[in-house]
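Worth saying up front: this structure is predicted, and the values here are computed from it rather than measured.
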Amino acid sequence: MTLAEVPAAPAVPAAAVPAAARARGLRKVFGSTVAVGDVEGNGIDLDVPHGAVLGMLGPNGSGKTTLIRMLLGLTRPTSGTAELLGRPMPDSAATVLPHVGALVEGPGFHPFLSGRENLRRVAASEPLLPTRDIRAAVDAALERVGLGAAADRRFRGYSLGMKQRLGLGAALLLPRRLVVLDEPTNGLDPAGTRDVRGIIADLHADGATVVVSSHLLTEVEATCTHVAVLQSGALIAAGELSSLLDADAAGLVVVTPDVDLAVSTLRAAGASAYRDGGSDGVPAVAVSDGPPAPEIVALLVRAGVAVHEARRRRPRLEELFARLTEGAP
């Protein structure tokens, strides 16, 4: 039996689940430190839709890991409620967590056992993985995360990136309905980062919901369908990535071979215009603080500029993130 054929027990009916993960008024306080929520007693409200790939963003200390731990039932909230696959957490942990793969705050394994032996111990504790399928599931997981050749080396001799790969392998021992990855590319080289991107894409294609906490905005933009941005314990933005970027769109990009003429024409008309590389290095002009788009196009055409394309300028996630967190405490 292959890994893809390992059956998942229908303990949590998908049709009955309104969201893969849900937080309502969720707040966590450690002594005098508010880790999640605000000092006024307000908590976080967040929904993670089924089948989404949600990127959880925020600087160090913003509350990402604490929020993830509360959703997984690893930490009890000070106030508010958390649900996973439609069940309250942590009370339903025994029912829900077999359907969830997670890598949180780095992997922890026995240092004197090999990667393969460590994964077999983890697999033996999986209630949905039959004993007869453990060997095949472990081998498949090791290959999937790129540790096939190093499977029989002791864990203590692994590099940080290899340890991270093994933790990811433990989360992927069998098909999951939800996969939660806290900084999964920590310690990985560019090739390892690409591998993680491919794994996330495969999980999404298979219908799993994925929550990824990361500080690599380019990776989040490349892999995620939704984002949630945290700052100082507060949720400052959440939703579909494309909608958030479109809502923050400003200005216009004009694709033209006549860049210099376009820039001088637009500046003479009072618009802010500058040379832009455009997508794939195609010559273009970025325009802001000027007339409406139809007037800009008409102005350029009258000036003899060859306009190949005109579209709204969509910001990168990095720009959106900077604007959202600018000036926040």
Q: Give a yes or no on whether a salt bridge exists between D195 and R144, defined as a side-chain N under 4.0 angstrom from a carboxylate O.
A: no
Q. For the side chain of D38 and the backbone of E40, is there at least one donor-acceptor N/O pair under 3.5 Å apart?
A. yes
Q) If two hydrophobic side chains count as joined below 4.5 Å and joins carry through other members, does L216 share a cluster with V104? A) no
Q: Just jot down the side chain to side chain donor-acceptor pair (under 3.5 Å) partners of R197, sequence neighbours excluded, or say none.
A: E219
Q: Check the hydrophobic clustering (I, L, V, M, F, W, Y; side-chain heavy atoms under 4.5 Å; chains of links allowed) and say if V259 and V301 are grouped together.
A: yes
Q) Just how far is it from atom CD1 of I44 to atom CG of L26, taken to the nearest 0.5 Å? A) 7.0 Å
Q) Is there a donor-acceptor contact under 3.5 Å from the side chain of D182 to the main chain of T65? A) no
Q. Within a strict 4.5 Å, meaning less than it, do heavy atoms of the L178 and L84 side chains meet?
A. yes
Q. Any donor-acceptor pair under 3.5 Å linking the side chain of R176 with the backbone of A171?
A. yes
Q | Summary of ring pair (Phe, Tyr, Trp, His ring centres under 6.0 Å) pairs that have at least one residue in residues 57-89, sequence neighbours excluded | A | none
Q: Run through T223, V145, L188, V212 and flag the one making a side chain to side chain contact (heavy atoms under 4.5 Å, CB included) with V196.
A: L188
Q. Between R22 and D45, is the closest basic N to carboxylate O distance under 4.0 Å?
A. no
**Q.** Between OG on residue S114 and CZ on residue R120, distance to nearest 0.5 Å
**A.** 7.5 Å
Q | For E318, all residues meeting side chain to side chain donor-acceptor pair (under 3.5 Å), sequence neighbours excluded | A | none
(Q) Test your reading of the model: is there a side-chain donor-acceptor pair from T33 to the backbone of A35, 3.5 Å cut-off? (A) no
Q. If we only count heavy atoms from C-beta on, is the R135 to D139 side-chain gap below 4.5 Å?
A. yes
Q: Kindly write out the residues that satisfy side chain to side chain donor-acceptor pair (under 3.5 Å) with D206, not counting sequence neighbours, or none if the list is empty.
A: none
Q) Considering all heavy atoms of both residues, which atom of V220 and which atom of G55 are nearest to each other, and what is their separation? A) CG1-CA, 4.2 Å
Q: For R121, look at atom CZ and say whether over 12 heavy atoms of other residues, nucleotides or ligands are found less than 6.0 Å away.
A: no
Q. Which atom pair, heavy atoms only, marks the closest approach of G169 to A141?
A. O-CB, 3.7 Å
**Q.** Donor-acceptor contact below 3.5 Å, side chain S62 vs main chain P59
**A.** yes
Q) Looking only at heavy atoms, what is the nearest atom pair of L129 and A123, with distance? A) CD2-CB, 3.8 Å
**Q.** Under-4.0 Å salt bridge between D189 and R194
**A.** no
(Q) Minimum heavy-atom separation for A271 and V287, please, with both atom names. (A) CB-CG1, 4.1 Å
Q.
Working to the nearest 0.5 angstrom, can you tell me the gap between L72 CG and L97 CG?
A. 6.5 Å
**Q.** Side-chain heavy atoms of L299 within contact of V305, under 4.5 Å
**A.** no
Q: Assess whether atom CG of N60 is packed by more than 12 heavy atoms of other residues, nucleotides or ligands within 6.0 Å.
A: no
Q) Could you give the distance from CG (L57) to CG (L317), rounded to the nearest 0.5 Å? A) 5.5 Å
Q) Is any side-chain heavy atom of M56 less than 4.5 Å from a side-chain heavy atom of V227? A) no
Q: Give a yes/no verdict on a cation-pi contact between K163 and F155, requiring under 6.0 Å between NZ or CZ and the six-membered ring centre and an angle within 45° of the axis.
A: yes
(Q) Evaluate L172 against I199 for side-chain contact (heavy atoms from CB on, under 4.5 Å), listing each step before the verdict. (A) CA-CA 10 Å; L172 303 176; I199 288 171; 3.6 Å; yes
Q.
Using a 3.5 Å distance criterion without hydrogens, assess whether the side chain of Y158 forms a donor-acceptor pair with backbone atoms of L166.
A. no
Q. Do side-chain atoms of K28 reach the backbone of R76 as a donor and acceptor pair under 3.5 angstrom?
A. yes
Q. For V39, which fellow cluster members are found when Ile, Leu, Val, Met, Phe, Trp and Tyr are connected by side-chain heavy-atom distances below 4.5 angstrom, either directly or through intermediates?
A. V29, V34
Q) Backbone N or O of M162 within a donor-acceptor pair of the S159 side chain at under 3.5 Å? A) yes
(Q) When you compare the side chain of L46 with that of L235, does any pair of heavy atoms fall below 4.5 Å? (A) yes
Q | More than 12 heavy atoms from other groups under 6.0 Å of CZ on R24 | A | yes
Q. Where do L252 and V254 land on the side-chain contact (heavy atoms from CB on, under 4.5 Å) test, with the steps shown first?
A. CA-CA 6 Å; L252 197 69; V254 178; 4.0 Å; yes
Q.
Once rounded to the nearest 0.5 Å, what's the spacing between atom CG of L181 and atom OG of S213?
A. 9.5 Å
(Q) When you compare the side chain of T209 with that of V53, does any pair of heavy atoms fall below 4.5 Å? (A) no
Q. Where do E83 and M89 land on the side-chain contact (heavy atoms from CB on, under 4.5 Å) test, with the steps shown first?
A. CA-CA 5 Å; E83 292 182 2; M89 297 295 286; 5.9 Å; no
Q) So, S125 side chain and V122 main chain: donor-acceptor pair closer than 3.5 Å or not? A) yes
Q. Any side-chain heavy atom of R87 within less than 4.5 Å of one from T95?
A. yes
(Q) Holding to side chain to side chain donor-acceptor pair (under 3.5 Å), I want the full list of residues that pass it with R69, two or more places apart in sequence or in another chain. (A) T75, E105
Q | Residue pair A284 / V253: nearest heavy atoms and the distance that separates them | A | CB-CG1, 3.9 Å
(Q) Evaluate I236 against L230 for side-chain contact (heavy atoms from CB on, under 4.5 Å), listing each step before the verdict. (A) CA-CA 6 Å; I236 59 177; L230 280 77; over 6 Å; no
(Q) Show the nearest heavy-atom pair for residues V36 and G63, with the distance to one decimal. (A) CG2-O, 3.7 Å
Q: Find the distance between NE2 (H110) and CZ (R154) and round it off to the nearest 0.5 Å.
A: 13.5 Å
Q.
Using the rule that Ile, Leu, Val, Met, Phe, Trp and Tyr join whenever any side-chain heavy atoms are under 4.5 Å apart, tell me whether L142 and L113 fall into a single cluster.
A. no
Q: Report yes if the side chains of F30 and T78 come closer than 4.5 Å at any heavy-atom pair, otherwise no.
A: no
